Amino acid sequence: MRKTATGIIKIAPSEITPYEVYLSRRAVLAGGLGLAAAQAVGGFSSDAFADAPGALTYVRNTRFSTTESPNTYRDITTYNNYYEFGTDKSDPAENSQKFRTQPWSVSVGGEAEVTGTFSLEDILKPHPLEERVYRLRCVEAWSMVIPWVGFPLGDLLKRFKPTSKAKFVAFKTLYDPKQMPGQRSAVLDWPYEEGLRIDEAMHPLAIMSVGLYGKVLPNQNGAPLRLIVPWKYGFKGIKAIVSINFTERAPHTTWSLGAPGEYGFFANVNPEVDHPRWSQATERRIGGSLFNSRRPTLPFNGYADQVASLYSGMDLRKFF
Ligand code: MTE
């Protein structure tokens with residue numbers, strides 16, 4: 001182990017504790033120090049999974065959580081979009097089980113004072129975990145309610161000290177066609193890339209997720225590190241992140257590059273702006289009964305009070 005000029009400790013891959021063990025052990029240490037994180041093991045879900053491998057300790061954040069009932073663990077982990085592991089909803093759960101999430105590192109570059117390659121442990125170390133129950137609204141007009149475990153994206157980004165030129169932040173997924181069979185075909189332009197304007201990224205609702213339902217994130221949901229921006233369509237929530245880059249100009253994003261008329265950079269959930277091939281006015285809640293599963297789509301996915309001001313003065317039909 002050694003200190004770098006930036007004060008962030010770099011750890012050789014051989015020294016790395018398996019990621020699940022690391023996360024669980026870290027929580028126990030926090031408890032020993034009497035931190036709030038360990039006292040408020042929270043959530044309706046924690047009991048059911050408390051003894052499960054990969055169980056996490058976290059604070060339940062009610063301020064930022066919806067009170068809607070979450071989807072089942074089964075729905076959330078078997079109905080996925082993750083084209084690196086196939087295009088059918090059941091493919092990611094089937095094809096991602098052997099995906100290696102440790103050792104894992106994230107490279108940080110561009111318009112920031114602190115750049116370099118950091119182990120996942122370095123990335124996670126200072127951040128207490130929270131559970132936040134968010135609606136996930138997919139651009140395909142279905143939705144789920146998911147109890148994520150993570151921490152504010154802005155807290156992580158601030159550690160890299162973005163410069164005044166950092167107007168955007170870009171993320172990339174791992175490119176490893178040996179492990180990710182979907183990357184062997186040209187269904188998308190690989191690696192998967194996403195980005196946010198810097199003020200969006202710093203908004204307290206945006207999180208980096210490392211778990212759901214109180215446990216370490218399953219591979220199909222984007223382990224080991226995945227972005228969640230609850231007021232935007234689900235495709236902004238890039239999985240298996242290996243790169244964070246601060247940029248002056250808007251970065252490429254996979255879906256808006258592949259089909260610019262269909263998927264915009266902003267991708268704010270908006271019932272009034274239809275996809276060219278389907279309406280966004282309503283959505284189908286996965287797992288709901290046939291009678292109540294269709295519901296109106298909410299502007300900004302129900303988070304308008306918190307985020308609409310980020311877009312004041314912008315024509316949201318043009319910047320969709
Ligand atoms: N990230 C990567 N790397 N590859 C993908 O295909 N799909 C996106 C997003 N993140 C995707 C991705 C889409 S379209 C959605 S709706 C969400 O992940 C789905 O997240 P979930 O499977 O955890 O529900």
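Computed from a prediction, not measured in an experiment: that's the story for all the values here. Read the numbers this way: they start at 1 and go in the same order the structure lists the ligands and their atoms.
Y134 OH to I146 CD1: the interatomic distance, rounded to the nearest 0.5 Å, is 12.5 Å.
Regarding atom 21 (P) of ligand 1, its nearest protein heavy-atom neighbour is K239 NZ, 3.4 Å. If you check which protein heavy atom lies closest to atom 12 (C) of ligand 1, you get Y192 CZ, 3.7 Å. Protein heavy atom closest to atom 7 (N) of ligand 1, with residue, atom name and distance, is N81 O, 3.3 Å. Nearest protein heavy-atom neighbour of atom 4 (N) of ligand 1: E84 OE1, 2.7 Å. Scanning all protein heavy atoms for the shortest distance to atom 10 (N) of ligand 1 gives G237 O, 2.8 Å. For atom 16 (S) of ligand 1, the nearest protein heavy atom (residue, atom name, distance) is C138 SG, 3.2 Å.
When heavy-atom distances to ligand 1 are checked against a 4.0 Å cut-off, T173 comes that close only through its side chain, counted from C-beta outward. At a 4.0 Å heavy-atom cut-off, ligand 1 does not touch K236 at all. Contact annotation: for R226 versus ligand 1, heavy atoms closer than 4.0 Å belong to the side chain alone.
No heavy atom of G222 sits closer than 4.0 Å to any atom of ligand 1.
At least one test fails for K167 against the ring of F246: distance under 6.0 Å to the centre or angle within 45° of the axis.
A salt bridge links R277 with E262: the closest approach of a Lys/Arg side-chain nitrogen to an acidic carboxylate oxygen falls below 4.0 angstrom. With respect to E283 and R294, no salt bridge is recorded, no charged nitrogen being found less than 4.0 Å from a carboxylate O.
Heavy-atom proximity to atom 24 (O) of ligand 1, evaluated over T78, N80, I228, is greatest for N80.
Every N/O-N/O distance between W255 and ligand 1 stays at or above 3.5 Å. Between Y79 and ligand 1, not a single N/O pair is under 3.5 Å apart. The distance criterion of under 3.5 Å between nitrogen or oxygen atoms is not met by I146 with respect to ligand 1.
Checked by atom type, the side-chain pair S312/S309 shows no donor-acceptor distance below 3.5 Å.
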Discussion item. L157 vs M202, test: side chain to side chain contact (heavy atoms under 4.5 Å, CB included). Steps then yes/no.
Written reply: CA-CA 8 Å; L157 298 184; M202 294 296 177; 3.8 Å; yes

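R100 CZ: 12 or fewer foreign heavy atoms inside a 6.0 Å radius. A 6.0 Å sphere centred on NZ of K232 holds more than 12 heavy atoms belonging to other residues, nucleotides or ligands.
Taking the side chain as every heavy atom from C-beta outward, N71 and Y79 never approach each other to under 4.5 Å.
Of all atoms in ligand 1, numbered sequentially from 1 with element shown, those under 4.0 Å from a heavy atom of Y83 are 5 (C), 6 (O).
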